[in-house]
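Structure first, commentary second.
None of the values given here were measured: they were computed from a predicted structure. Atoms within a ligand are numbered from 1 in the order they appear, just like the ligands themselves.
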Amino acid sequence: MKQYFNENEWLIIENAFDPDYNRVSESVMSLGNGHMGIRGNFEEKYSGDSLQGTYYAGIYYPDKTKVGWWKNGYPNFFAKVLNGINFIGIRVHINDLELDIAKCSVSDFKRVLNMQHGYLERSFIVEDKNNNITKVSCKRFLSMYDSKVAAIKYSVTPINYNGKITFSPYLDGKVVNEDSNYDEYFWNEIDKVATDNLCYLTMQTKKMDFRVTCAMKHELLKNGINIDADKNSIIIEDNYVANKVENIISMGEEIILIKYISAVTNRDFNNNELVTKAKEAVNKAKEIGFNRLISKHIEVWEQKWQENDIIIKGDEKAQQGIRFNIFHLNQTYTGKDPRLNIGPKGFTGEKYGGSTYWDTEAYCLPFYLSTAPSELAKNLLIYRYNHLEKAKENAKKLGLKGALYPMVTMNGEECHNEWEITFEEIHRNGAIAYAIYNYVNYTGDKDYLKDYGIEVLVEISRFWADRVNYNKLKDKYMILGVTGPNEYENNVNNNWYTNTIAAWTLDYAIKVIDYINENYKDIYNMISNKIGLNKKEITKWKEIIDKMYYPYIKEEGVFGQQDGYMDKEQILVKDLPEGNLPINKNWSWDRILRSCFIKQADVMQGIYMFNERYDINTIKRNFDFYEPRTVHESSLSPCIYSIIACQLGYKEKAYDLYLRTARLDLDNYNCDTDDGLHITSMAGTWMSIVHGFGGLEVKNNELFLAPFLPKAWKEYSFRVMFRSRIINVCVNDYIKITLVKGKDISVYLYNQKYYLVENNVLEI
Ligand code: BGC
């Protein structure tokens with residue numbers, strides 16, 4: 001781990017260029033706007049090490065699966081987020097020598113991500129092999145106002161020479177995925193045009209017929225005044241179009257190229273409309289001009305921060321860390337399109353295929369529920385509703401009834417191909433049911449249950465009812481051969497968390513069925529006919545709930561991780577000799593599986609989700625037993641433990657755990673930020689502050705808070721949206737709660753009820 005970026009409340013600053021660290025910086029400096037995303041790559045040529053990445057939301061490729069030993073039920077493909085047309089490129093020649101900072105001496109290098117306003121800036125001075133010294137600076141953004149649009153301002157100033165500066169802005173479809181299983185090239189060229197004042201390129205994926213059209217235009221300024229190029233030409237190659245713009249300028253003069261870009265896909269438009277739409281968008285962008293375009297973009301960011309900033313006083317590193325997380329979450333998912341979801345790496349890399357995991361429901365949903373209008377979180381749920389038929393097919397493929405949602409997916413089909421996860425990590429189904437409960441509980445939108453939720457809950461319940469097996473001797477239902485959230489144990493029997501969430505789902509589904517039956521008889525009859533609900537199956541579900549088996553470790557008074565957990569040698573993480581951690585890098589897989597070490601919150605995940613069921617002593621015993629055995633080798637782990645630690649009053653422990661993810665990517669804590677950011681765990685860090693330190697919960701339609709101030713901070717405040725209101729909570733030696741917007745509402749502070757009136761501050 002190293003602290004490479006400078007501390008600053010709103011900026012991420014890289015003050016000198018370290019080529020060995022470039023991939024990490026590129027991940028950190030990624031930009032996105034929900035529709036597309038780019039890594040922090042350079043515009044000009046860079047021959048050093050780099051992971052070039054341009055991603056378009058929802059555009060994926062079903063790459064042929066690669067496995068050692070094929071098992072029945074494996075998916076044929078792994079859907080990959082596709083690296084698509086690179087639109088940021090601008091080749092720069094200085095007196096015909098191509099600018100490439102890997103081949104020059106570079107000084108005053110600065111790359112700055114502005115999180116407040118959502119843009120990336122870079123500046124440096126280079127001396128090339130002809131001893132020409134040149135000052136370069138650039139600024140770019142992907143518009144949050146019009147997500148089809150991006151713009152780049154690229155400025156060059158000769159310091160010690162008069163000469164020719166050539167810009168060649170381009171659109172490049174010759175792009176590959178580093179993680180392609182068989183080194184295949186995934187794209188076909190469909191259409192391209194290059195003229196002096198407009199270029200466009202349409203590429204099509206070799207499978208699925210996804211199409212992306214990018215268009216670009218440019219504008220030139222010398223010393224701030226618009227000029228025409230001395231010489232214009234075009235370059236057309238396979239899968240590639242470019243302009244070439246040459247100008248003779250004198251020492252000290254600044255020449256700027258502004259590149260306007262638009263990108264549209266056939267997810268949003270018909271194939272025959274793509275070029276027209278791309279042209280329209282890029283024409284409009286150029287007409288509006290860089291300054292007004294960026295102002296509109298900044299307005300959207302300002303609005304976002306108004307709604308969901310967290311302010312921490314007295315700890316600049318913490319401030320930077322949490323804003324970094326909120327920034328990337330807001331860039332990744334804007335919630336306008338229920339066909340989209342949140343990949344663990346968002347738009348910042350190829351790893352994990354950019355697909356949807358249970359991370360969305362278990363970790364991201366709480367963030368979006370509290371930081372945006374409820375439609376946004378609802379769209380995350382509808383994504384799964386729309387995949388219900390595929391989830392039913394998936395269960396059928398495994399010989400089971402009901403619906404089994406995939407562990408990893410793009411379009412509803414399972415992509416994962418490791419048996420212990422694909423077939424066994426079935427707890428993910430529970431998280432999808434739980435998300436429905438969480439959404440309705442938070443928003444109060446009970447209509448969701450009759451409109452969508454019930455079908456999903458019934459089909460997931462049918463799956464559980466079929467997947468359990470009855471143990472006659474014990475007169476109990478069991479779930480055998482599973483992998484819990486702790487992926488460091490496979491094929492275990494009765495993972496406590498899985499059994500708990502399975503029985504909970506059955507119970508919740510019955511409650512929802514009863515609710516709809518009582519309140520919307522006609523709708524109930526309609527749905528019941530559609531999905532063939534019958535009393536017999538509900539009776540069976542009740543029996544399963546009553547007779548579900550839960551492992552328990554009597555000697556310790558704690559829930560059992562799984563049946564065989566205590567057969568393992570019990571060692572604590574703190575007693576491991578130095579050099580063993582992380583065990584996933586230092587131990588054989590076999591040794592990990594036989595050990596008692598837990599990868600991530602598992603029993604504690606259940607205690608977090610069903611917290612109200614357990615008394616504080618039970619929670620404490622389980623925390624005290626499991627935390628010392630947890631290696632937190634998933635970035636999703638510490639936040640859950642941190643929240644429970646807050647509940648137990650373990651304030652320092654809570655803060656230590658929070659720190660493990662707060663700057664995970666900024667400080668490259670796990671040495672893996674080079675291939676992308678941990679977007680889904682960023683939501684976990686937000687949860688540690690708002691649900692953990694802030695103690696936020698919603699119970700019976702009311703908001704509860706129980707904040708404490710970590711020692712290292714002077715003050716912190718967070719904003720949440722709750723039932724069409726914005727509420728600000730500021731925690732210092734005192735607590736101030738302000739209803740920033742919306743109708744009067746009551747809240748509970750440390751279980752005491754208070755009334756909030758718009759713009760009045762409640763101070764305790
Ligand atoms: C975790 C899973 C998670 C996945 C994607 C794995 O390391 O164990 O729980 O879904 O990463 O974030």
Checklist entry - Aromatic rings Y452 and Y385: how do their planes relate, parallel, tilted or perpendicular, breaks at 30° and 60°? => result perpendicular
Checklist entry - What's the shortest distance from atom 11 (O) of ligand 1 to any protein heavy atom, and which residue and atom give it? => result Y352 OH, 3.8 Å
Checklist entry - In a check of side-chain hydrogen bond (donor to acceptor under 3.5 Å, both in side chains) between H678 and each of D665, N670, D359, which one passes? => result D665
Next on the checklist: Using 0.5 Å steps for rounding, measure from the CD1 atom of I583 to the CZ atom of R591.
Outcome noted: 8.5 Å
Checklist entry - So which bit of H678 gets within less than 4.0 Å of ligand 1, heavy atoms only: side chain, backbone, both or neither? => result neither
Checklist entry - For atom 7 (O) of ligand 1, which protein heavy atom lies nearest, and how many Å away is it? => result K599 NZ, 2.8 Å
Checklist entry - Which option, N584, T356, D359, owns the non-hydrogen atom nearest atom 12 (O) of ligand 1? => result D359
Checklist outcome for this item: Note: ligand 1 atoms sitting under 4.0 Å from heavy atoms of E487 are 1 (C), 2 (C), 6 (C), 8 (O)
Checklist entry - Which heavy-atom pair separates A683 from F367 by the least distance, and what is that distance? => result CB-CB, 4.0 Å
Checklist entry - Which atoms of ligand 1 have any heavy atom of W358 under 4.0 Å away? => result 2 (C), 3 (C), 9 (O), 10 (O)
Next on the checklist: Within ligand 1, which atoms have a heavy atom of L636 less than 4.0 Å away?
Outcome noted: 3 (C), 9 (O)
Checklist outcome for this item: In N490, T498, L480, the residue satisfying side chain to side chain contact (heavy atoms under 4.5 Å, CB included) with E424 is N490
Checklist outcome for this item: Nearest non-hydrogen protein atom to atom 4 (C) of ligand 1, with distance, is Y357 CD2, 3.9 Å
Next on the checklist: I need the nearest protein heavy-atom contact for atom 8 (O) of ligand 1: residue, atom name and distance, please.
Outcome noted: Q600 OE1, 2.5 Å
Item to check | Mutual orientation of the aromatic rings belonging to F623 and Y650 [parallel < 30°, tilted 30-60°, perpendicular > 60°] | outcome: perpendicular
Item to check | Pair W419 and Y74, ring centroids less than 6.0 Å apart | outcome: no
